[in-house]
Amino acid sequence: MHILVIGRQGQVARSLIERAETRGGIVLTALGRPELDLSRPDRLDDLLRRHGPDVVINPAAYTAVDRAETDSAAAFAVNRDGARAVAEAAGRLGVPVIHLSTDYVFDGAGEGAYREDDPVGPRSVYGRSKLAGEQAVAEANAKHLIIRTAWVYSPFGANFARTMLRLGRERPSLGVVDDQWGSPTYAPDLADALLALAPRLAGPAWCDDFAGIYHLAGAPAMTWCAFAREIFAVSARHGGPAVPVQAIGTADYPTAAVRPANSRLDCSRIEHRFGLRLPEVRDALERCVPRILAANPANTTIGATR
Ligand SMILES: NC(=O)c1ccc[n+]([C@@H]2O[C@H](COP(=O)([O-])OP(=O)(O)OC[C@H]3O[C@@H](n4cnc5c(N)ncnc54)[C@H](OP(=O)(O)O)[C@@H]3O)[C@@H](O)[C@H]2O)c1
C-alpha cells in the first residue's frame, strides 16, 4: 500500500510520516517544497505518475489564518487551486484523494456540533479559501474524501499547545479566550485514523458512496481557555510549567481574521461509515505534552509558534 502525502513539514504531514513508520504494510512518500510547490503545481502529474501511489493524502495548505486576510491570492492559490490540482492529478491516475479541510468553513453562529451537511459560511479569507478547495476537490476527482478537522496540535510546528507551554514559562498567568468553542485534535491521532482509512479506499475497495465530506476531530469540545487549563494540568503532572489561566472574551484578544464562536464538529458520520473515532483530548494530551516538554527542557525556549 503506497500513500503519497503532499507536504513534509506540517503538523499532519509529519505525524503521517511518523505514524506510518509504526504500521506494517504501508509505504509512505511525502512530497514538499521545494520539490513540490502547490502554488506552482505544474510538476504534479509527473511526480504522481513517477511515484504511482494507491492513495493521495493532501494536508498541505496555506494555514496562516490571520495573514490570509491580507494575502488572499496566496491563500486561494494553495487552498483552492493547489487542492484542485492535486485532486485532478490523482483522478487522472484513478486514485482516491483524502483532502484535509477545516472547521472554519462554518460561521459559528449555530448551536451544538456541526454536521457535514449543515450550512457553511466562512468568516475569514482562510475559511473561504478552504471551502473553495473543498468544492474544487469534489469537482476534480470523483474518488474524494474531504476530512474537516479542527484546532490541530502536536509536538511539531506552530500550535496552541506549544504556545501555551512556552508562555507558561515566560509569564506568571495567562488570559485565554473563553467564548470560542471547538474540537482540539491531536495530529498523530488524526494521522493514525487517516492511515487506517487509506487502505479501505484503495483499488477495488473504493465504493462510490464513500465520496463526500466527513468531520474528524478530538472530543470533547471545549473553549480555548478550558483547553489551556487541560494543557497546564497535564504539564504540572509532568514537571512542566503550570500557570493560572484567566477567561477572557474574543473582544479582549483582537485578531485580523474572525474565528467562529462555535466550531464544534459532530464526527458521527465517519464513525458510522468507517468505525473511526479519535481518542479523548485528555488522553491525547498525556501523550503530547510530555513530548513537547522533553524536546524543550526548562532552560530552553519552546519554539516560536503562531
Ligand atoms: N492547524 C490547525 O489548527 C487546523 C485546523 C483545521 C484544519 N486544518 C487543516 O489541516 C491540514 C493540515 O494542517 P497542519 O496543521 O498540518 O498545517 P501546517 O502545520 O501549517 O502545515 C502546512 C503544510 O502545508 C504545506 N504547504 C503550505 N504551502 C504549500 C505550498 N505552496 N506547496 C506545498 N505545500 C505547502 C507545508 O509544506 P512544507 O512541508 O513544504 O512546509 C506544510 O506541510 C490543512 O489542510 C489545514 O487547513 C488545520
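By convention here, the first residue in the shown sequence is residue 1. Order of appearance sets the numbers: ligands from 1, and atoms from 1 within every ligand.
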Side chain, backbone, both or neither: which applies to [X] and ligand 1 if a contact is any heavy-atom pair less than 4.0 Å apart?
X: Val152; result: both
X: Arg148; result: neither
X: Ile6; result: neither
X: Phe160; result: neither
X: Ala187; result: neither

[X]-ligand 1 polar pair, N/O distance under 3.5 Å:
X: Leu38; value: yes
X: Asn58; value: no
X: Val78; value: no
X: Val12; value: yes
X: Tyr62; value: no

Looking at side-chain heavy atoms only, is the closest gap between Thr29 and Ile3 below 4.5 Å?
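Of all side-chain heavy-atom pairs linking Ile3 with Thr29, none is under 4.5 Å.
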Can any side-chain N or O of Gln11 pair as donor or acceptor with the backbone N or O of Ser154 at less than 3.5 Å?
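Such a contact is found between Gln11 side chain and Ser154 backbone.
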With distance as the sole test, does Asn159 use its side chain to make a donor-acceptor pair with the main-chain N or O of Tyr153 at under 3.5 Å?
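No; zero donor-acceptor contacts below 3.5 Å.
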Check the side chains of Tyr126 and Asp66 for a donor-acceptor pair under 3.5 angstrom, ignoring hydrogens and angles.
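There is no such pair between these side chains.
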Short side-chain donor-acceptor distance under 3.5 Å, Gln180 and Thr250
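Looking only at side-chain atoms, Gln180 and Thr250 do form a donor-acceptor pair, the distance falling under 3.5 Å.
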Partner set under side-chain contact (heavy atoms from CB on, under 4.5 Å) for Ala217, not counting sequence neighbours
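Once residues adjacent in sequence are excluded, the partners of Ala217 under the side-chain contact (heavy atoms from CB on, under 4.5 Å) criterion are Thr149, Ala150, Ser183, Thr185, Leu265, Cys267.
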Taking the hydrophobic residues Ile, Leu, Val, Met, Phe, Trp and Tyr, and joining any pair whose side-chain heavy atoms are under 4.5 Å apart, which ones share a cluster with Phe76?
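Via sub-4.5 Å side-chain contacts, Phe76 links to Val125.
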Any heavy atom of [X] closer to ligand 1 than 4.0 angstrom?
X: Ala30; value: no
X: Tyr104; value: no
X: Gly157; value: no

Which atoms of ligand 1 are found less than 4.0 Å from any heavy atom of Trp151?
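In order of numbering, the contacting atoms are 3 (O), 5 (C).
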Quick check on contacts: which atoms of ligand 1 are under 4.0 angstrom from a heavy atom of Gly7?
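Going through ligand 1 atom by atom, the ones under 4.0 Å from Gly7 are 37 (O), 39 (O), 43 (O).
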Arg92 bridged to Asp45 by N-O distance under 4.0 Å:
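Between Asp45 and Arg92 there is a salt bridge, with a charged N closer than 4.0 Å to a carboxylate O.
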Can Arg43 and Glu35 be counted as an ion pair, charged N to O under 4.0 angstrom?
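Here Arg43 does not pair with Glu35 in a salt bridge, since their nearest N and O are not under 4.0 Å apart.
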